[in-house]
Amino acid sequence: MGKYIVISTTVDLVRIAPESVVYISSDGNYSTLIQADGLNRILTVQLGQLEALIAKQLGTDGNVFIRIGKSLIINRNYIYYINIPKQQLVLSDARTVSHRVSASKDALRQLKELVEKEE
């Protein structure tokens, strides 16, 4: 079995395979974890805490996750489409999963450059 992300709070615990996480968005003290199977999980954990948790639990495997701006962590394996002028990012597996999120032009420009360097 591979590694898991384990998020534990005073009231619940989530154990999820990294490849099942499409993205995590932030809303103040809460974060919403969007899964590839279509489920959304609201967590009482701030995005910065999740970012640190992912790095600690997954080590270098956690590099699959990228922080975009102040309110978004994405799984780079789902990057499908980036449109800087429209401030639009589509995260998809090109089969069943497709999510549209918005981010700043600067964040999307940096993400586009990062993806171009990887290819």
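In terms of the side-chain hydrogen bond (donor to acceptor under 3.5 Å, both in side chains) criterion, residue partners of Q110 (sequence neighbours excluded) are, by chain and number, D106. Every residue was checked against the side-chain hydrogen bond (donor to acceptor under 3.5 Å, both in side chains) condition with T10, not counting sequence neighbours, and none meets it. Partners of Q88 according to the side-chain hydrogen bond (donor to acceptor under 3.5 Å, both in side chains) rule, which considers only residues two or more places apart in sequence or in another chain, are R100.
Sequence neighbours left out, the pairs with a member in residues 27-36 that pass side-chain hydrogen bond (donor to acceptor under 3.5 Å, both in side chains) are N29-Q46, Q35-D37. Among residues at least two apart or in separate chains, ring pair (Phe, Tyr, Trp, His ring centres under 6.0 Å) pairs with a member in residues 59-99 are Y23-H99. For residues 56-69, the set of pairs meeting the side-chain hydrogen bond (donor to acceptor under 3.5 Å, both in side chains) definition, not counting sequence neighbours, comprises E51-R67.
Between atom CD1 of residue I5 and atom CG of residue L58 there is a gap of 5.0 Å, rounded to the nearest 0.5 Å. With rounding to the nearest 0.5 angstrom, the CD1 atom of I66 is 4.5 Å from the CD1 atom of I79. Summarising the geometry, atom CG belonging to L111 is positioned 6.5 Å from atom CG belonging to L114; distances are rounded to the nearest 0.5 Å. Taken to the nearest 0.5 Å, the CG atom of L33 stands 11.0 Å off from the CD1 atom of I42.
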From CA spacing to verdict: side-chain contact (heavy atoms from CB on, under 4.5 Å), N75, L91: CA-CA 8 Å; N75 184 329; L91 300 168; over 6 Å; no
Worked verdict on V14 versus V6 for side-chain contact (heavy atoms from CB on, under 4.5 Å): CA-CA 6 Å; V14 176; V6 179; over 6 Å; no
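Using a distance-only test at 3.5 Å, with no hydrogens or angles considered, no donor-acceptor pair links the side chain of S25 to the main chain of L72. Within the 3.5 Å criterion, the main-chain N or O of Q87 finds no donor-acceptor partner in the side chain of K105.
A salt bridge between K112 and E116 is present, with a side-chain N of the basic residue lying under 4.0 Å from a carboxylate O of the acidic one.
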